[in-house]
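Accompanying notes for the structure given below.
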4 protein chains.
Amino acid sequence: MSKAAARIRTAAISVFAVKGYAAASTRDIAASLSLSPGAVYPHYKSKESLLFAISLEGHTSALAAVKQADPAGESPSVRLTSTVRAYVKWHAQNRDLARVVQYELRSLAPDHFEAIAALRRSTSRVFEQIITDGNTSNEFNTIDIGATTLAITSLGIDVSRWFPSQTYSDPDTLAHAYGELSQRMVGARRRPDSLPDPT
Amino acid sequence: MSKAAARIRTAAISVFAVKGYAAASTRDIAASLSLSPGAVYPHYKSKESLLFAISLEGHTSALAAVKQADPAGESPSVRLTSTVRAYVKWHAQNRDLARVVQYELRSLAPDHFEAIAALRRSTSRVFEQIITDGNTSNEFNTIDIGATTLAITSLGIDVSRWFPSQTYSDPDTLAHAYGELSQRMVGARRRPDSLPDPT
Amino acid sequence: MSKAAARIRTAAISVFAVKGYAAASTRDIAASLSLSPGAVYPHYKSKESLLFAISLEGHTSALAAVKQADPAGESPSVRLTSTVRAYVKWHAQNRDLARVVQYELRSLAPDHFEAIAALRRSTSRVFEQIITDGNTSNEFNTIDIGATTLAITSLGIDVSRWFPSQTYSDPDTLAHAYGELSQRMVGARRRPDSLPDPT
Amino acid sequence: MSKAAARIRTAAISVFAVKGYAAASTRDIAASLSLSPGAVYPHYKSKESLLFAISLEGHTSALAAVKQADPAGESPSVRLTSTVRAYVKWHAQNRDLARVVQYELRSLAPDHFEAIAALRRSTSRVFEQIITDGNTSNEFNTIDIGATTLAITSLGIDVSRWFPSQTYSDPDTLAHAYGELSQRMVGARRRPDSLPDPT
DNA sequence: GATGAATGAGACTTCATTCAT
DNA sequence: AATGAATGAAGTCTCATTCAT
């Protein structure tokens with residue numbers, strides 16, 4: 001990706017996050033970089049392709065963050081805390097990107113949508129697997145694996161809607177609190193004492 | 001509200017929910033009722049005023065649902081379960097309305113936004129109060145009241161983003177599962193055995 | 001067709017004729033009627049649909065002119081003169097329309113193109129049939145029916161490219177001259193002495 | 001003309017022929033040679049100058065073809081057949097070039113247009129002179145010299161609009177048929193028995 | 001109340017052309 | 001010579017809104 005393309009993408013993330021994809025104009029994006037309206041088009045062939053590029057980058061990055069935070073060989077409890085923290089932190093630290101990526105999917109072309117949906121399923125599956133493992137090993141006592149997975153995912157996604165608030169503006173603080181909540185949600189019997197920070 | 005105005009509002013909820021406020025045109029709304037483009041304007045003076053009317057109706061309704069589900073004189077545990085169930089159920093049963101009301105706020109005019117924000121704070125405060133009460137009475141063992149309130153609210157709001165899924169398409173089932181999760185999140189020491197259904 | 005739609009169509013014919021379809025803008029058309037750029041769209045859903053409406057009208061009208069000038073029961077010679085005169089006259093009198101209709105076909109959408117092509121074939125077939133009849137009855141002595149039909153059609157079509165010239169600006173004069181030429185082209189053995197004017 | 005300039009010109013002829021000058025972009029032309037958008041400009045200073053270069057080349061070539069086919073000292077009948085064949089053949093064999101050259105004149109700048117118009121008049125004059133000569137010598141019996149010249153020219157020009165058709169795809173066959181037709185149009189009293197082929 | 005033509009603004013996109021590389 | 005990013009203008013079309021009917 002050329003430098004100009006990267007600048008345009010960054011600008012677009014910000015504009016899309018603030019106004020929403022549909023309300024944001026390609027002019028807004030160009031203007032935010034002091035470029036002429038047509039300057040976007042040597043780099044992205046349409047507004048939708050810009051959204052797709054952003055969505056792909058964002059969901060890939062989120063998935064990577066979660067996967068990287070899932071330490072092989074650790075207990076489900078440790079794994080859950082670590083991945084939840086990473087997921088929450090990702091949404092807080094990349095709030096604009098996260099917001100676009102989580103809330104503008106409907107504006108993608110059908111085949112682009114499908115590509116992104118696959119990435120999202122992969123991310124969900126990480127949490128679901130950990131929770132399943134925890135229940136199998138009796139370390140967790142989850143009532144309903146599907147609902148709990150959904151809920152934990154929801155917590156992360158919804159962060160990008162409201163973050164930062166007056167009370168919570170530090171990604172780490174929030175990540176730790178939500179990590180604890182996730183332990184409770186799965187009915188973890190033991191608490192991990194200390195954890196490497198999943199930054 | 002006249003019958004025509006109500007029909008238009010209902011159509012608008014559906015169109016806004018599917019396309020998003022910015023991408024939906026007043027023509028779309030009119031067309032979905034087989035009306036001409038100008039037909040909206042005798043009833044709502046602008047697209048934004050339609051959104052405001054919907055937002056007001058929706059947030060008022062959600063707040064009422066929650067408040068009505070907060071039984072005076074019951075234990076925090078019972079109250080929390082009941083209100084969470086009501087909140088979740090409301091988002092599932094009124095998914096289109098909920099989606100518009102939760103995700104299109106940024107398109108409101110500033111003073112309209114402020115009016116809605118006040119309603120939202122009232123709704124949050126119901127949960128926060130219950131959790132606070134539970135902690136005071138030692139019935140709950142909440143780690144971080146603010147974060148937990150936020151998380152519980154998030155669960156409900158996010159329902160309107162994804163509901164229904166392949167796995168969860170029954171509002172009651174979901175409401176019960178999320179009610180349980182909320183008990184765990186606050187660290188409730190006793191479980192309510194049975195509860196009136198908050199329909 | 002509403003009055004406004006008719007006015008727009010007429011204006012479009014003129015603008016398309018002068019600049020060509022591709023070089024003409026919908027703005028040009030609207031401006032030539034002192035309308036705003038968007039005023040075309042309540043009446044025609046796209047620039048191409050305007051071209052199609054014009055093409056359909058034009059080719060239908062040309063075909064009708066030719067068919068109406070083909071008098072049942074007359075000799076091929078009389079029929080040929082009459083139809084050629086009508087065809088030439090149509091192209092001269094409706095020069096703008098003819099030009100659009102004959103030279104802008106490539107800008108039609110594929111299915112619209114096909115509909116128009118069918119009309120054009122019908123028109124050609126009228127001439128071909130007359131020439132064939134004349135040869136069968138030995139009234140004509142055509143060298144090559146296909147080439148002669150093509151040539152006669154070409155004469156008419158090409159009128160819309162150059163008409164009027166300094167020398168020929170009267171449709172009737174031209175029509176009569178071309179009628180004579182067509183008699184010669186088919187090798188008509190007898191000349192029709194007088195003919196009703198195919199106006 | 002450099003090799004690159006020639007390649008660009010050839011590509012432009014093809015693109016202009018297919019889409020029309022106005023609908024063809026300089027990008028289309030460059031892309032058809034796998035060049036970048038700017039690559040045209042070292043060779044032609046504008047799109048219009050490309051059209052002018054093509055028009056000049058084309059009309060010069062057509063005029064030369066006709067002139068060369070007008071054998072000094074031959075009878076008008078022979079001369080007419082020979083030049084008509086050459087003219088028709090030129091339009092068939094160089095169909096793309098002919099189409100651009102005959103139908104895109106309006107897009108030339110005024111002074112360029114004038115230069116081309118002069119060439120066109122020269123071409124017409126060749127036919128007109130032959131017909132006039134034939135009538136003077138009584139070899140022809142033309143009804144209307146102007147109209148007949150126009151008609152013969154039209155036949156040639158219009159070839160570039162439709163050639164090839166399903167029936168006529170051989171330039172020579174068509175040229176011979178049209179040569180015959182031209183004899184008839186001018187009322188030639190004697191037929192030329194054989195003619196050198198004006199290729 | 002409803003219609004639907006019309007407006008004025010603005011959206012996405014294309015394009016001829018320029019220019020630094 | 002060629003590249004390709006960028007510009008400024010323009011093009012097709014959409015849209016919220018108005019207004020005469």
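Per chain, numbering begins at 1; letters A, B, ... match sequence-line order. Nothing here was measured: the structure is a model prediction, and the numbers come from that model.
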Would you please test Arg121(B) and Glu114(B) for salt bridge (charged side-chain N to carboxylate O under 4.0 Å, His left out) and show each step? CA-CA 11 Å; Arg121(B) 280 190 295 272; Glu114(B) 205 34 67; 3.2 Å; yes
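- Residue contacts shown for Ala24(A) are limited to sugar-phosphate atoms, with no base heavy atom under 4.0 Å away.
- When the P atom of dC15(E) is taken as reference, atom CZ of Phe16(D) falls 13 Å away, rounded to whole Å.
- Mapping Ala23(B) and Gly38(B) onto DNA chain F via the closest heavy atom, the residue that lands nearer the 5' end is Ala23(B).
- One atom, CG of Leu33(A), and another, P of dT7(F), lie 10 Å apart when rounded to the nearest Å.
- dT21(E) is paired with dA2(F) under the Watson-Crick or G-U wobble criterion, all donor-acceptor distances under 3.5 Å.
- Considering only side-chain N and O atoms, His43(D) lies under 4.0 angstrom from the phosphate OP1 or OP2 of dA2(F).
- Atoms CG (Leu51(D)) and P (dT17(E)) sit 12 Å apart, rounded to a whole Å.
- Residue Ser46(B) is in sugar-phosphate contact alone, with no base atom involved, counting any heavy-atom pair closer than 4.0 Å across all strands shown.
- A donor atom on one side chain and an acceptor atom on the other are found under 3.5 Å apart for Arg9(C) and Tyr44(C).
- One atom, OH of Tyr21(D), and another, P of dC15(E), lie 13 Å apart when rounded to the nearest Å.
- Using a 4.0 Å heavy-atom distance criterion, Thr26(B) is classed as a base contact.
- The listed nucleotides are dC13(F), dA1(F), dC12(E); the one nearest the side chain of Pro42(D) is dA1(F).
- Toward the 5′ end of DNA chain E lies the nearest nucleotide of Ala4(C), the other residue of the pair Glu48(A) and Ala4(C) mapping further downstream.
- Proximity of Ser36(B) to the phosphate of dG4(E): no side-chain N or O atom is located under 4.0 Å from OP1 or OP2.
- The shortest heavy-atom contact between Arg161(B) and Tyr103(A) is CD-CE2, 3.5 Å.
- Closest to the side chain of Leu35(B), from the set dT7(F), dA16(E), dA2(E), is dA2(E).
- Rounded to an integer number of Å, the gap from CG of Asp28(D) to C1' of dC15(E) is 10 Å.
- Residue whose closest nucleotide on DNA chain E sits further toward the 5' end, between Ala22(A) and Val40(B): Val40(B).
- Counting to the nearest Å, the C1' atom of dA10(F) and the CZ atom of Arg27(D) are 14 Å from each other.
- We find that CD1 of Ile8(B) is positioned 14 Å from P of dT17(F), with the value rounded to whole Å.
- Following rounding to the nearest Å, Tyr44(C) (OH) and dC13(F) (C1') show an atom-to-atom distance of 17 Å.
- Contacts of Ala5(B) with the nucleic acid, taken as non-hydrogen atoms under 4.0 Å apart, are absent.
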